[in-house]
Amino acid sequence: MPTNRQVLIRSLPEGSLAAENYELVTLEAPNPAAGEVLCRTLAISIDAGSRAGLQGSASYAGAPTTGIVMNGTVVARVEESEDDAVPLGSIVTCGAGWQDYSVQPAADLTVLSDEVDPIHYLGLLGGTGMTAYFGLLDITDPQPGETVMVSAAAGAVGHLVGQIARIKGCRVVGVAGDDEKCRRLVDELKFDAAVNYKNAGFRNELKEVTPNGVDVYFDNTGGMVLGSALFRMNLNGRISCCGVVSQYDTSTPEPGPKGVPGLLVNKRLKMEGFLVFDYADRYPAAREEMIGWMNDGSLVPWIDEVVGLENAPTAFVDLLAGGNVGKRVVRVSA
Ligand SMILES: NC(=O)c1ccc[n+]([C@@H]2O[C@H](COP(=O)([O-])OP(=O)(O)OC[C@H]3O[C@@H](n4cnc5c(N)ncnc54)[C@H](OP(=O)(O)O)[C@@H]3O)[C@@H](O)[C@H]2O)c1
């Protein structure tokens, strides 16, 4: 029986998350019973939203708990099977968390086709890509010629949102926390403009790159960037509230910006939150469209890979500080 390394939540963060909030333990891998399979983790999705789970602000995730394996979606290979529906060698996705091996009920697994590199099921074709797709298209209904602004624009969700908006004929403005990220969004992903929210002149720069205002704002961050976006919104604009990453890595999150609700009223804005799993029955059709865009080159998925399960805690801490470009994954085995 192989050994199984697990990354456990040792303690809940007070202030910012640190690698010391986790510990690595080694046990024997578990045995599958009838109807179950043994999965070997190939790669783990590192998600900003998991920090909200540790903060206790993601009500759908329940109360934060210590002493358990850190949660996360993985791509895995089936190494033992007690269910004929999922044969040995199948590549699957499941919520195994940060560990080498896990036993999963066969009925809970999504078996992946071999037509696409499975790593994309953690990005473009996974919860990340579905968030970008439904959070933009269903919540804001962007029209050709409209200006779409997106925050955390060089991150996993954000870089896909901007590209989908561009595919829909919109003018796309990204906001990110690093000049090199902004350059790459424009040069490599064909955003119309990108501005660095850490620059002292950010509000003026945002104004300059949105001369006709903003029709749609896809909000990954909340905080100061949301506050700035509200002042650039056009009449009847739409704001998709995807997440609040600027307020996750702290024990003292700030209240919302002062333009709410006054600017919503005066500008007749719609501001709507969503959770991606409410769209699960529509994932297959969305994936088909995303694969088409990837294959014809109109959508470029960025994968940001860190190697080694033992490096997952630092990969997560670094993501919250803006160290990733595109979808961060941790490669656990080949
Ligand atoms: N509603 C849903 O169903 C759903 C599903 C999935 C994800 N989400 C949300 O989507 C958002 C993006 O998640 P992700 O997994 O794709 O993460 P990500 O964008 O790949 O990584 C997080 C990024 O946030 C930026 N950031 C960190 N602190 C910030 C601050 N104070 N102000 C502005 N930006 C900051 C960093 O980039 P910079 O260099 O630009 O600072 C960092 O790269 C999160 O809010 C997450 O909760 C929502």
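Read the numbers this way: they start at 1 and go in the same order the structure lists the ligands and their atoms. Just so you know, residue 1 is the first one in the sequence shown, and it goes up from there. When reading the values below, keep in mind they use all heavy atoms of this one structure, side chains included, and skip hydrogens, waters and symmetry mates.
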For [atom], what is the nearest protein heavy atom, given as residue, atom name and distance?
atom	answer
atom 37 (O) of ligand 1	Lys181 NZ, 3.4 Å
atom 18 (P) of ligand 1	Ala156 N, 3.7 Å
atom 23 (C) of ligand 1	Ala152 CB, 4.2 Å
atom 28 (N) of ligand 1	Leu320 O, 3.6 Å
atom 36 (C) of ligand 1	Gly322 CA, 3.6 Å
atom 24 (O) of ligand 1	Val245 CG1, 3.5 Å
atom 29 (C) of ligand 1	Tyr197 OH, 3.5 Å
atom 9 (C) of ligand 1	Cys242 SG, 3.6 Å

State which residue, out of Cys241, Ser151, Pro142, Ser240, fulfils the side chain to side chain contact (heavy atoms under 4.5 Å, CB included) condition with Phe218. Ser240

Residue that, paired with Tyr217, satisfies side chain to side chain contact (heavy atoms under 4.5 Å, CB included) out of Leu226, Val150, Thr140, Leu269: Leu226

Would you say [X] has any N or O atom under 3.5 Å from an N or O of ligand 1, going by distance alone?
X	result
Lys198	no
Gly177	yes
Thr131	no
Tyr248	yes
Leu275	no
Gly323	no
Ala176	no
Asn324	yes
Gly158	no

Donor-acceptor contact below 3.5 Å, side chain [X] vs main chain [Y]:
X	Y	value
Arg166	Ser298	yes
Asn311	Val307	yes
Thr65	Ala63	yes

Is it the side chain, the backbone, both or neither of [X] that has a heavy atom closer than 4.0 Å to ligand 1?
X	result
Val244	backbone
Val175	neither
Thr221	side chain
Met224	neither
Asp178	neither
Phe277	neither

Does any non-hydrogen side-chain atom of [Y] lie less than 4.5 Å from one of [X]?
X	Y	result
Ile303	Leu122	no
Thr110	Tyr121	no
Asp219	Thr221	yes
Phe316	Val330	no
Val216	Leu136	yes
Glu79	Tyr101	yes
Arg238	Glu146	yes

Just checking Asp84: does its CG atom have more than 12 heavy atoms from other residues, nucleotides or ligands closer to it than 6.0 angstrom? no

Kindly check if the number of other-residue, nucleotide or ligand heavy atoms within 6.0 Å of NZ (Lys207) is above 12? no

Does the distance from a Lys or Arg side-chain N to an Asp or Glu carboxylate O, for Arg183 and Asp178, drop under 4.0 Å? no

Interfacing atoms of ligand 1 (cut-off 4.0 Å, heavy-atom, [X]):
X	value
Ser246	30 (C), 31 (N), 32 (N)
Val276	2 (C), 3 (O)
Gly155	18 (P), 19 (O), 20 (O)

Positive for side chain to side chain donor-acceptor pair (under 3.5 Å) with Thr128, one of Lys327, His159, His120: Lys327

Could you tell me whether Tyr279 and Tyr133 have their ring centroids closer than 6.0 angstrom? no

Minimum non-hydrogen distance to [atom], winning option of [options]:
atom	options	result
atom 7 (C) of ligand 1	Thr128, Val150, Val157	Val157
atom 15 (O) of ligand 1	Ala48, Ser151, Gly126	Ala48
atom 10 (O) of ligand 1	Leu160, Leu226, Thr250, Asn220	Asn220

Heavy-atom contact check, 4.0 Å cutoff: does Val225 meet ligand 1? no

